[in-house]
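To start, the structure under review is shown below, and the notes come after it.
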Protein chains: 4
Amino acid sequence: MPKLTDQTDEEILSLLETGQIKQYTLDRELEPLRAVQIRQQFLLSDYPDHIIDTIPYKHYSNYETATKSCCENVIGYVPVPLGLAGPLLINGSEYNVPIATTEGALVASLSRGCRAVRESGGIDSTQTYFGMTRAPLIKFSCGRAAKQAADWILEPGNFEKIRAQFESTSRFAKLKSINPKQAGKLLFLRVVAATGDAMGMNMISKGCEKMLQFLQTVDVFENMTVLSISGNYCVDKKPSAMNWINNRGYSISCDVTLKCDVIKSVLKTSAGALAELNSSKNHVGSSLAGCIGGNNAHASNIVAGIYLATGQDIAQAGTSSMAMVNMECLDRGDLYVSVTMPCIEVGTVGGGTSLAAQQNNLQLLTSAPDVNINAALLAQVVCGAVLAGEISLLSALCSGDLVKSHMQLNRAER
Amino acid sequence: MPKLTDQTDEEILSLLETGQIKQYTLDRELEPLRAVQIRQQFLLSDYPDHIIDTIPYKHYSNYETATKSCCENVIGYVPVPLGLAGPLLINGSEYNVPIATTEGALVASLSRGCRAVRESGGIDSTQTYFGMTRAPLIKFSCGRAAKQAADWILEPGNFEKIRAQFESTSRFAKLKSINPKQAGKLLFLRVVAATGDAMGMNMISKGCEKMLQFLQTVDVFENMTVLSISGNYCVDKKPSAMNWINNRGYSISCDVTLKCDVIKSVLKTSAGALAELNSSKNHVGSSLAGCIGGNNAHASNIVAGIYLATGQDIAQAGTSSMAMVNMECLDRGDLYVSVTMPCIEVGTVGGGTSLAAQQNNLQLLTSAPDVNINAALLAQVVCGAVLAGEISLLSALCSGDLVKSHMQLNRAER
Amino acid sequence: MPKLTDQTDEEILSLLETGQIKQYTLDRELEPLRAVQIRQQFLLSDYPDHIIDTIPYKHYSNYETATKSCCENVIGYVPVPLGLAGPLLINGSEYNVPIATTEGALVASLSRGCRAVRESGGIDSTQTYFGMTRAPLIKFSCGRAAKQAADWILEPGNFEKIRAQFESTSRFAKLKSINPKQAGKLLFLRVVAATGDAMGMNMISKGCEKMLQFLQTVDVFENMTVLSISGNYCVDKKPSAMNWINNRGYSISCDVTLKCDVIKSVLKTSAGALAELNSSKNHVGSSLAGCIGGNNAHASNIVAGIYLATGQDIAQAGTSSMAMVNMECLDRGDLYVSVTMPCIEVGTVGGGTSLAAQQNNLQLLTSAPDVNINAALLAQVVCGAVLAGEISLLSALCSGDLVKSHMQLNRAER
Amino acid sequence: MPKLTDQTDEEILSLLETGQIKQYTLDRELEPLRAVQIRQQFLLSDYPDHIIDTIPYKHYSNYETATKSCCENVIGYVPVPLGLAGPLLINGSEYNVPIATTEGALVASLSRGCRAVRESGGIDSTQTYFGMTRAPLIKFSCGRAAKQAADWILEPGNFEKIRAQFESTSRFAKLKSINPKQAGKLLFLRVVAATGDAMGMNMISKGCEKMLQFLQTVDVFENMTVLSISGNYCVDKKPSAMNWINNRGYSISCDVTLKCDVIKSVLKTSAGALAELNSSKNHVGSSLAGCIGGNNAHASNIVAGIYLATGQDIAQAGTSSMAMVNMECLDRGDLYVSVTMPCIEVGTVGGGTSLAAQQNNLQLLTSAPDVNINAALLAQVVCGAVLAGEISLLSALCSGDLVKSHMQLNRAER
């Protein structure tokens, strides 16, 4: 077969239709834009022209990265409006918060929250945990054999052997612990590792695979069957009490003392009203509804907005959004506010952060030349932004203007 | 003050910096691209040029809609790679599945699942529920007063009065039920309504506000305080048992019987291996991890990809991803597979679907001229695509090639 | 074989050992005490005498009822200490609260709580729901067939037909609703019924069995398989969000306004301290621990004590103990307290209430000749007692004397 | 005041009524039976005689222990029928299973399960964890201070200091770990300790109190406020994901391979039917109902029955009943069954085990002279009995005779 680059579009289409080449061959052999255009014709030949014409696909400089590591069967891209909220004052530094969203009023509301935070002296933020997790699932002949395997792993000397294997797969992966959970003959090994500035799922999966290869050489694992590199005990991308209780990714605690006059002038409400609403809605309401990790008003909006803007795995936005908001009325009308997030799954390298616009948005977080935008810092910005978003929305609810503000900013829905 | 259009960029920047105009004035008075450029200078003056230059913002035709109803403080957009999976055969029709993602291997894997479904005769899908929800939170002087209020609402004649008020706010909103939950003096009213083809949060919020205004005129509500238009008992954008048990948005059930030879040739595994993995991982593993709504392997990937491509509220992707996968081995090596999703929160009008590319992606679902891409159909495609995604990923896990395929397709992460 | 009554103990033992008679024959043919004694010899012949001698079995007047409907293989009884707390003032009437327990300090603490309630004017209690549930599990050939079956049931005319069948099994059973939940080809039917003053599990099971027999005659159910009279979607005796959200048995709301001086004199603490502890422990702590239905300090102690004393199904004490405690500081140092319990599974007839001592303890609740101790009233006493128990324990925790009081009252543990 | 023993009943009643003596004085100064009789008159003077006469209170040898450490305001006892199930074959030894219950059919059903286990070769049981927990709740001035406190505790040298303090309170208490959880300025310290053969709540509470006293002398804890010795993060007596995931008390795994012919002859069903029901009911049904820890049919019945018989804290029966049942069809019609229970909260000393009948029931577990009935062994019997109870009930459900057997054995309910 002659090189694709020497063939006409029609010829290539014919090759595709007859199955002589696969779609991914286009990406490998053609320059990106031509590959996309031919794919559009191949997949969408039955569609009216205006459909194809409306797909944004030109003026995109990242096809090479995108097709190699982020997406297959690419026919273009989806543009999501990008707004900038902030600045958000955390631990004495100011951060812009890039938000990619289609939720009207969100950026404006977040910006108001940032202002209230800033005028009250800023957020204090601490990191209480980091560890990405993956839980392979293995099976033994009986419960006793599974128990022996779990015991073997927990023996310090053996753990060191596993660590050596695990860490041989990446210079960034650092094995922290393995927590076995047994159910009869099944054994789930929740592996916890530091993964540098990568979110780390791929890195830890590689390490786990190596670990499993090694375990297969150990006597007590002789009869094990590897059912899956992941047994849903990780937990990745599913709501779970596990990550709420035992953490995943970064765990961040942020707090701020909102000043009485700021609550009045910026947020148009009072400490008492906010504290009562937080208790009634974020605690009583969420508990009545059987929420685990849902003691907040709309953390998910903020998290999704930042994740999308900065190339995080958007399928993790839901689980990363678990957050508890606590408030306490202080003397003189001030209000103590804290936000606790146990499971912020972020990275600043790898995955979607490889794309230029997304990486650029990470750089937008700060213009301070000495600030290194690493994953830990991003996690703090996420948690701080959630705090700002919470106080602004709760204030809007207190003063009853949620519907009103949505109506103004979102006229598109009937 | 002279009109903004008559002023230079420098003059406008000066007005912004001195607070004489607000950011939103730019969007109202300038043509979009100029507004964005000036905002970039205003917000990012301290940043090096290459940062600003890397923000995609030109060649975007939707600034007017975006700034009016989807985003504030817009500085550009974020392009997310768009792949097309499928076709997916549901109820006898074929659908393309547009996926916007940065998760390498996802579209390829989904396409394989679609092929297995197609070659097995397709998915059968049924809708078991629709109702969007919102739960205002009101407070009374005591539990007895709250009880009387709840009783009043449940009285059929009174419910009809509320319905009339509620439905007066939109020609699409149809009140279905109100489920009160009392906690002492607090009363949460979970309002359920049909909302046409809109996802419907704004529509139902308007209706609830009208309802509350009306209730304030009723004797037994005389002493109520409206704490919030939402009391987290809805539940919106938080993981909850509520929506898992009592549904929200669309509830869809999909099933397919995978043929033995297709499992072998396309999925490279067997019915028995898939069924065992589904039981051990999606049921045992998820239950051990305290998941509610997490009986699946990666529904969230599929849901987030479609939501992003079609302009859904991406902050709802997490809650919409609750899904249960069941499998049963049949005679002759066939495999029955079902996916149940109780809470698919989608619309085809309003919100992000107003944007041209996103709306266009909705149209990409089908080229059949007689198919109306409404919200109910979109929900079925979401659930069907989750099914296809599950069988493909679980098959990959069975044959142990997850890490391998990720490594190939995602070389960007170290 | 001659009548057992004509045979010696040795002869009967021989019959048992050779399998010629079963244990239950003893209960049917011998007078109870002799049956118990022979069974002790049969089962415990290898044990030293002092073991057998220490089993309480004499002086028990209820063997006939016990062996017929409450227990098999009876070798005696277990005596549990019975204390009387109260009186507890609810809706203007006073109730004694019988508590069978081995938890030192519980009755004393509960009595203190009752005193605080009484001196504050008493509890106001309302019932917000009643319905016992049972959820048969049926299976169809495919999801669509399951959907059609669910639709058939929800059709009002068909529901009436089911009701007629269901209610034909008992003059007390009243069918309230059937809530279908589908998962692929599986269908769970959560049947809700009023069951008079019986807790009602047996009554509703009979009704469900009749319902299933009837459904088998209906066309759309032709191919159904009844997998189980209960599919765990009821939910009986397992912790669940289902019952917390959708109720089971009696749902009761109790509240009281504790007077400032009573909080000080009786409870030795303050409204502010109690409210802060309730928020931090019963809401923040429970939410962090992933509790659903656990927004209380020790409802389970009270519920188990009353259930045991009054012959309730003690295996339901855990699920019945789901409770949320809310507190709000009022003017002048008063404290509003409410307790919400959605799932109090009680009866005053049937089961363990047939036993004389247990039935007598029900009568102990009140000496008012005009008060009918029915299940609804018992449920209110349970909820009210939980409230009294909560304020007393939380007060003890506030003043730091929990360990101290346990040490005094429970010297037996080292 | 003359000694109570020198006064008539009427004189003592008068002292009680005028408040000159408290109820507990009766227990301290009078012989038990007289104390109980006078209390009955004092508390129940308005009741008809037959009520008082029906309270069992004579022939009870344990009043001294009962009034000192198990109950206050004692007016008698509640007799609960005691049946003996078994023998249950675990790890090669046979155990009787004492069950105190009013649930007809339970003991008979359990005995059938024990027989199936026995005839299949017995259960294999392993202990995977032990640790009782208590989580004091402390408060700091801000989140950063709480973080520093948590860090201090986790520092190995500091942990050793805490351990020394903690273990000084009891020769049995062994501190295993402290897991801090922070929510803003609040800090929950989940303390895990071995507690010998006591269930251990009191023991660990004493140790925690000592720990807190010590921490107050440490600089970084200078400004802490102890809000409560328990912050509900333990978790004690509330349903929680915490204990399900992170264990409490004893974690036991039991399994057995049921033989094909035993399933047929004893259980009247087949491996396939049992496995399908277990999957559909205990996994699918429980997950749909939002159960955490509820992957079983009726563990609670067994646990409550044993707990009551052996003097365990009956208010812990609900949480201790969390259990997962797994089944797998093997070759030749055999069935692998496992039960996993993470949170069996039992002891063989202290609390209700101090009472003679309850302690005696512990001794009834085995007549083997060399078997030490300690807490670990009791936990294994609990888990094994749950397994036996599950297979018997599930078999009854498979063959559709649940309602029938209840009807026969429980004729008391209408």
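With a 4.5 Å cut-off on non-hydrogen atoms, Leu212(A) does not touch chain B at all. In this structure, chain B has a heavy atom under 4.5 Å from the side chain of Phe188(A), while its backbone stays farther away. Both the backbone and the side chain of Ile51(A) have a heavy atom closer than 4.5 Å to some heavy atom of chain B. Residue contact with chain A, scored on non-hydrogen atoms closer than 4.5 Å, involves the backbone and the side chain of Lys237(B) alike. Only the side chain of Leu137(A) comes within contact range of chain B, judged by heavy atoms closer than 4.5 Å. In this structure, the portion of Asn361(A) lying under 4.5 Å from any heavy atom of chain B is its side chain and not its backbone. For Lys139(A), the part lying under 4.5 angstrom from a heavy atom of chain B is the side chain only. Residue contact with chain B, scored on non-hydrogen atoms closer than 4.5 Å, involves the backbone and the side chain of Asn282(A) alike. Of the atoms belonging to Ser321(A), not a single heavy atom falls under 4.5 Å from chain B. Using a 4.5 Å cut-off between heavy atoms, Ala356(A) touches chain B through backbone and side chain atoms alike. For chain A, the nearby parts of Tyr233(B) are the backbone and the side chain; heavy atoms of each come within less than 4.5 Å. With a 4.5 angstrom heavy-atom cutoff, Leu186(A) touches chain B only via side-chain atoms. Heavy atoms closer than 4.5 Å to chain B are found nowhere in Thr319(A), neither backbone nor side chain. Within the 4.5 angstrom heavy-atom criterion, atoms from both the backbone and the side chain of Val74(A) approach chain B.
Comparing Leu44(B), Asn296(B), Leu277(B) by how many heavy-atom pairs each has under 4.5 Å with chain A, the most go to Asn296(B). Interface summary for chain A: among Ile302(B), Asn295(B), Val107(B), the most heavy-atom pairs under 4.5 angstrom belong to Val107(B).
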